Peer 1: 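Quick one: structure below, then a few questions.
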Amino acid sequence: MNNKKHKFLFDIAWYFVGGIIPILVGFIRVPIFTRYFTASEYGIYGIILITYTILTLFLFSWLANCIWRFYNKYKNKNELPRLYSNLFLLFIAFSALFTIIAVGWSIGSNEEETKRLVLYVFLQLMVSNLNNYMLIVHRLEENSGLFNTVTMLRAILSFGLQYILTFRLGWRIEAIPSSMIIVEAIISLFLISKFLQTGKIKIGLISKTTLKELFEYAIPGIISNLGLYLLTSSDRYVIALFEEMDKVGIYNQVYNLCQISIMALVNIYLSVINPRFFKELESNFNATSRLTIIYIKPFLLILAPIVTYFSLFARPVATVLLGPEFRVGYPLIPWVSFAVFIYGLTLFFENRLKLNSKYKPVIIGFLICAAINIGINFFTIPKWGYFWAGISTFISYLILLIYLIYQDIRKNGLLLKLPANILPAFAFLILQSFIYTRYIESYSQDNFTLLTLLTATVFTITYFIIVVIFNIKDLRIFQHIQNQ
């Protein structure tokens, strides 16, 4: 038990360090480069990246989902080489198709900047997707040290290279994907060498049965991921349709700021619990209702105050972390932050439905909410501006969360009953929000003043005292389960 306890604490420490370093690098990167690149440049880059990402939903992202879904199954049967061989065939085939699309897009573009960006972003996504597949295996094997070392190196090295390319060599926005290509290529050589020590790929292991199993699982995932991406990214296209490209850049950078902070913390937490959570869902699904609640509670207690404070201090945060051209987007921060937080919650219920082969409600939920989001954006953005894209995203995610909870209860018999001792913490957050907006906010309008820092520190300390007083027993249960 002691070894397992130490392993749990070791994993927590690694995932925290591995997650916090990219966040800190992001907080350094954003104010530097949003003061140098224009909002229009970010808008063009964002549109290209989003378009490619939609393509990768059909070509690459579903392969990652298959690794999460089938790795333990094939490992338990000592058939991992079969899984690897079939996945490798699919990756090669779809990489060829992706190359044809990227080259065609680049040739057909009129602007030289767009031609270069199209090819650079293509190479960036190709190499990073390959690396992500190999990193998922290390996550599933609970190899937290290697996974988080790579995560930190990605962030630090790409930032360093981007800085050199931009300020030493005079590159413009293409410095972003170019720096990532170089770093991902180096990481890829290392991960491939590690994989070849234990993994095997054989042409003779490729089979129609395995490919069919992968496709049957993947098709619902592709559709739901398409719905998810339309939900998260279609607003950029609507903004581009009705506003100037600089507005796309402002919205995209504010959204990314929330991603590198809130979503990064969501991913740290999920990185800690997912290996065990997925094993339990795979082996003993009917007994996982209680486990789901145990995992959701710390998620709420840890993430809710961070999202609340990030939203309360949106204006000073934008002043410090965004360039002057982008700071006007600070009212978006609360809406996008809470939308990202809600999305983190939906992942618990989405994973439960998918791993119990209840794909249809997930697909329907994502497509309906994507349609709602697009509809609200087309109605509101032309009338009231691009800020409504953030509000629309929040509304759509909230509807999705309610829908997936309902379907999990209906299809899987989830017993969703959060303990009452979580309420004092949330009541305290509401009280803090009232105190700040009523008595403190007007004294710290534009800058991260000493008063703002002091308020954030006092709020954080007092909140976590309340959490410990009312929830220490449940947090110990969480640690005990992870130690098993």
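These numbers come from the heavy atoms of this one structure, side chains and all, not from hydrogens, waters or symmetry mates. The structure displayed is predicted, hence computed values, not measured ones. Throughout, residue positions are numbered sequentially from 1 according to the sequence presented.
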Peer 1: Could you tell me whether F60 and F94 have their ring centroids closer than 6.0 angstrom?
Peer 2: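 Here the rings of F94 and F60 have centres that are no less than 6.0 Å from each other.
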Peer 1: In chain order, what residues pass the salt bridge (charged side-chain N to carboxylate O under 4.0 Å, His left out) check against E325, with sequence neighbours excluded?
Peer 2: none
Peer 1: Is there a donor-acceptor pair under 3.5 Å between the side chain of D408 and the backbone N or O of L404?
Peer 2: no
Peer 1: Residues two or more places apart in sequence or in another chain: which of them pass side chain to side chain contact (heavy atoms under 4.5 Å, CB included) with R35?
Peer 2: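 With sequence neighbours excluded, R35 shows a side chain to side chain contact (heavy atoms under 4.5 Å, CB included) to P31, P324, R327, given in chain and number order.
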Peer 1: I would like to know whether I47 and M245 meet side chain to side chain contact (heavy atoms under 4.5 Å, CB included); could you show each step before the answer?
Peer 2: CA-CA 9 Å; I47 290 293; M245 191 58 72; 4.3 Å; yes
Peer 1: Supply the atom-to-atom distance K297 NZ to T292 OG1, rounded to the nearest 0.5 angstrom.
Peer 2: 15.5 Å
Peer 1: Just by distance, with hydrogens left out, do Y237 and T51 show a side-chain donor and acceptor under 3.5 Å apart?
Peer 2: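 Per modelled atom types, Y237 and T51 side chains form a pair under 3.5 Å.
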Peer 1: For Y163, which residues count as a ring pair (Phe, Tyr, Trp, His ring centres under 6.0 Å) partner, sequence neighbours excluded?
Peer 2: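 Only F167 meet the ring pair (Phe, Tyr, Trp, His ring centres under 6.0 Å) criterion with Y163.
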Peer 1: Donor-acceptor pairs under 3.5 angstrom involving side-chain atoms of residues 114-123: please list them, not counting sequence neighbours.
Peer 2:
from	atom 1	to	atom 2	distance (Å)
K115	NZ	S106	O	3.1
K115	NZ	I107	O	3.1
K115	NZ	S109	O	2.9

Peer 1: Are any of the side-chain heavy atoms of L157 and I182 separated by less than 4.5 Å?
Peer 2: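 They are not in side-chain contact.
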Peer 1: Within the side chain of S128, is there an N or O that forms a donor-acceptor pair under 3.5 Å with the backbone of L125?
Peer 2: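 Between the backbone of L125 and the side chain of S128 there is a qualifying donor-acceptor contact (under 3.5 Å).
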Peer 1: May I have all residue pairs that pass side-chain hydrogen bond (donor to acceptor under 3.5 Å, both in side chains) and include part of residues 298-312, sequence neighbours excluded?
Peer 2: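 Output for this query lists Y309-Q432.
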Peer 1: Rounded to the nearest 0.5 Å, how far does CD1 of I156 lie from CG of L24?
Peer 2: 9.5 Å
Peer 1: Kindly list each side-chain donor-acceptor pair under 3.5 angstrom involving residues 380-392, sequence neighbours excluded, with atom names and distances?
Peer 2:
from	atom 1	to	atom 2	distance (Å)
T380	OG1	I376	O	2.7
S392	OG	N373	O	3.2
S392	OG	N373	OD1	2.4

Peer 1: Just wondering, do L130 and S188 contact through their side chains at under 4.5 Å, heavy atoms?
Peer 2: yes
Peer 1: Work out which heavy atom in I399 is nearest to a heavy atom in C369; give both atom names and the distance.
Peer 2: CG2-SG, 3.9 Å
Peer 1: Apply side chain to side chain contact (heavy atoms under 4.5 Å, CB included) to residues Q407 and K358 and explain how you reach the verdict.
Peer 2: CA-CA 9 Å; Q407 291 296 338; K358 302 294 191 297; over 6 Å; no
Peer 1: Has the side chain of T56 got a donor or acceptor atom that lies under 3.5 Å from a matching backbone atom of T53?
Peer 2: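 Yes, T56 side chain to T53 backbone: donor-acceptor pair under 3.5 Å.
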Peer 1: Quick one: do I223 and F366 satisfy side chain to side chain contact (heavy atoms under 4.5 Å, CB included)? Show the steps, please.
Peer 2: CA-CA 8 Å; I223 299 172; F366 277 111; over 6 Å; no
Peer 1: Can you measure from CD1 (I363) to CD1 (I222) and round to the nearest 0.5 angstrom?
Peer 2: 10.0 Å
Peer 1: Not counting sequence neighbours, which residues clear side chain to side chain contact (heavy atoms under 4.5 Å, CB included) with A304? List them please.
Peer 2: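 Expected list: F341, F426, L429.
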Peer 1: For a ring pair (Phe, Tyr, Trp, His ring centres under 6.0 Å) check, start with the C-alpha distance between F33 and Y42, then their side-chain angles and the critical distance, and finish with the verdict.
Peer 2: CA-CA 10 Å; F33 293 105; Y42 272 114; 8.4 Å; no
Peer 1: For residues L55 and F98, determine if any side-chain heavy atom of one lies less than 4.5 Å from a side-chain heavy atom of the other.
Peer 2: yes
Peer 1: Taking all non-hydrogen atoms of both residues into account, name the closest pair between F326 and G249 and its distance.
Peer 2: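 Nearest heavy atoms, F326 then G249: CE2-O, 3.8 Å.
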Peer 1: Does F310 reach the side chain of L257, with side-chain heavy atoms less than 4.5 Å apart?
Peer 2: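 When only atoms from C-beta onward are counted, L257 and F310 do touch, with a gap below 4.5 Å.
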Peer 1: I would like to know whether E113 and I173 meet side chain to side chain contact (heavy atoms under 4.5 Å, CB included); could you show each step before the answer?
Peer 2: CA-CA 9 Å; E113 181 185 31; I173 197 75; 3.5 Å; yes
Peer 1: Once rounded to the nearest 0.5 Å, what's the spacing between atom OG of S158 and atom CD1 of I181?
Peer 2: 12.0 Å
Peer 1: State, with a plain yes or no, whether a side-chain heavy atom of T462 is found less than 4.5 Å away from one of I466.
Peer 2: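 Answer no - side chains too far apart.
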Peer 1: My understanding is that only residues two or more places apart in sequence, or in another chain, count here; which of them pass ring pair (Phe, Tyr, Trp, His ring centres under 6.0 Å) with Y71?
Peer 2: none
Peer 1: Do W335 and V254 have side chains that approach each other closer than 4.5 Å (heavy atoms only, starting at C-beta)?
Peer 2: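 No, every pair of side-chain atoms sits at 4.5 Å or beyond.
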Peer 1: Which residues pass the salt bridge (charged side-chain N to carboxylate O under 4.0 Å, His left out) test with R172, sequence neighbours left out?
Peer 2: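 Residues passing salt bridge (charged side-chain N to carboxylate O under 4.0 Å, His left out) with R172: E41.
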Peer 1: Look up atom CG in L59 and atom CD1 in I54, then write down how far apart they are to the nearest 0.5 Å.
Peer 2: 12.0 Å
Peer 1: Applying ring pair (Phe, Tyr, Trp, His ring centres under 6.0 Å), can you list everything that pairs with Y45, at least two apart in sequence or on another chain?
Peer 2: none
Peer 1: Answer whether the closest heavy-atom distance between the side chains of F349 and Y403 falls below 4.5 Å.
Peer 2: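 They are not in side-chain contact.
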Peer 1: Are any non-hydrogen side-chain atoms of F378 and L241 less than 4.5 angstrom apart?
Peer 2: yes
Peer 1: Considering residues at least two apart in sequence or located in another chain, which fulfil the ring pair (Phe, Tyr, Trp, His ring centres under 6.0 Å) criterion with Y397?
Peer 2: Y343
Peer 1: For residues 241-257, pull every pair meeting side-chain hydrogen bond (donor to acceptor under 3.5 Å, both in side chains), keeping only residues two or more places apart or in separate chains.
Peer 2: D235-Y251, R236-N252, Q253-N256
Peer 1: Indicate the atoms forming the closest heavy-atom contact of I136 with A64, along with that distance.
Peer 2: CD1-CB, 3.6 Å
Peer 1: Once you round to the nearest 0.5 Å, how far does CD1 of I296 lie from CG of L301?
Peer 2: 12.0 Å
Peer 1: Can you name the closest pair of heavy atoms from A318 and Y330 and give their distance?
Peer 2: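 Looking at all heavy atoms of both residues, the shortest contact is CB-CB, 3.5 Å.
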Peer 1: Heavy atoms only: give me the nearest G344-V266 pair and the separation to one decimal.
Peer 2: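 Heavy atoms only, the tightest pair is CA-CG1, 3.9 Å.
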Peer 1: Ignoring hydrogens, what is the shortest heavy-atom contact between I262 and S337? Give both atom names and the distance.
Peer 2: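 The answer is CG2-O, 4.0 Å.
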